[in-house]
Amino acid sequence: QVQLVESGGGSVQAGGSLRLSCAASGYTFSNVCMGWLRQAPGKEREAVAYIGHRSSSASYADSVKGRFTISLDNAENTLYLQMNSLKPEDTAMYFCTAGPGCSNYWGQGTQVTVSS
C-alpha cells in the first residue's frame, strides 16, 4: 500500500527554520501530485504547498509564499518542505499527501511548534 512517513518536525523560535521530509513508497511518481497540508486546533485545514511530478510545477498558500519551499527528490522518493522565517501562526500538525488529486493519501503527520 501507499506509505508516507514524515519527519523533521519539532520546536523552534520565531524566525528560525525547519526542514520537513516525507519518505514515499508503494506507488510510482508518474502522474502523481504531492504536497503538504497543515491542521491546527480551532483553525481550518490549510493546503501549504503542492508540487507536480519531477517538480514540473509548484504552488503555495499565500500565507507561506516567500518563506517555504517545496521540493521533490525523485531518486530518493522523498518530498521536502523547507520552512524559513517561521512564525507562531505556522504552529500546526503537518501532513505529507500524495495521489492523483494531490491529497488522496496522507502520512501520520509531524508536529511543528513555533514560539515567540
Side-chain angles (χ1 to χ4, degrees):
Q1 73 278 14
V2 173
Q3 289 185 286
L4 303 169
V5 181
E6 301 98 330
S7 62
S11 298
V12 66
Q13 296 271 28
S17 298
L18 287 172
R19 188 176 76 159
L20 306 184
S21 299
C22 172
S25 63
Y27 66 97
T28 177
F29 281 102
S30 299
N31 302 119
V32 171
C33 173
M34 298 186 72
W36 296 91
L37 303 178
R38 65 185 182 186
Q39 178 71 64
K43 297 182 180 179
E44 293 291 325
R45 181 188 304 166
E46 181 179 30
V48 176
Y50 291 113
I51 190 167
H53 176 57
R54 296 189 182 279
S55 303
S56 58
S57 63
S59 60
Y60 299 89
D62 289 341
S63 58
V64 306
K65 285 181 179 178
R67 300 189 297 120
F68 291 9
T69 302
I70 188 170
S71 61
L72 178 65
D73 186 336
N74 287 285
E76 299 295 330
N77 295 329
T78 302
L79 181 73
Y80 298 98
L81 184 67
Q82 180 66 46
M83 309 164 68
N84 298 327
S85 302
L86 283 162
K87 305 174 181 179
E89 50 262 45
D90 294 317
T91 296
M93 185 73 73
Y94 285 71
F95 298 90
C96 175
T97 66
C102 296
S103 58
N104 303 87
Y105 305 98
W106 291 48
Q108 82 287 351
T110 185
Q111 179 68 39
V112 171
T113 302
V114 185
S115 60
S116 300

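Because the structure is predicted, anything quoted here is derived from the model rather than measured.
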Derivation and outcome, side chain to side chain contact (heavy atoms under 4.5 Å, CB included), residues Met34 and Leu4: CA-CA 10 Å; Met34 298 186 72; Leu4 303 169; 4.1 Å; yes

Identified side-chain contact (heavy atoms from CB on, under 4.5 Å) partner of Tyr80 from the options Leu20, Asp73, Ile51, Leu72: Asp73

Backbone of Ser85 reached by a side-chain donor or acceptor of Arg67 within 3.5 Å: yes

Verdict with supporting geometry, Tyr94 and Met83, side chain to side chain contact (heavy atoms under 4.5 Å, CB included): CA-CA 12 Å; Tyr94 285 71; Met83 309 164 68; 3.6 Å; yes

Straight-line distance of Leu81 CG to Arg38 CZ, nearest 0.5 Å: 9.0 Å

Basic-acidic side-chain contact under 4.0 Å: Lys65, Asp62: yes

Nearest-0.5 Å distance, CH2 of residue Trp36 to CD1 of residue Ile70: 8.0 Å

Any Thr91 side-chain heavy atom under 4.5 Å of Val112 side chain: no

Listed partners of Thr69 passing side chain to side chain contact (heavy atoms under 4.5 Å, CB included), at least two apart: Tyr60, Gln82

Residues forming a salt bridge (charged side-chain N to carboxylate O under 4.0 Å, His left out) with Arg45, sequence neighbours excluded: none

Any pair counted as disulfide bond (SG atoms under 2.5 Å apart), so long as it reaches residues 66-97, sequence neighbours left out: Cys22-Cys96

For Gln108, all residues meeting side-chain hydrogen bond (donor to acceptor under 3.5 Å, both in side chains), sequence neighbours excluded: Glu6

Other cluster members, Tyr50 - Ile/Leu/Val/Met/Phe/Trp/Tyr, side-chain contacts below 4.5 Å: Leu37, Met93, Phe95, Trp106

Where Gln111 and Thr113 come nearest, the two heavy atoms and their spacing: NE2-OG1, 3.5 Å

Output side-chain donor-acceptor pairs under 3.5 Å for residues 8-19, partner residues at least two apart or in another chain, one line each.
| unit_1 | atom_1 | unit_2 | atom_2 | d |
| --- | --- | --- | --- | --- |
| Gln13 | OE1 | Ser115 | OG | 3.1 |
| Ser17 | OG | Asn84 | OD1 | 2.9 |

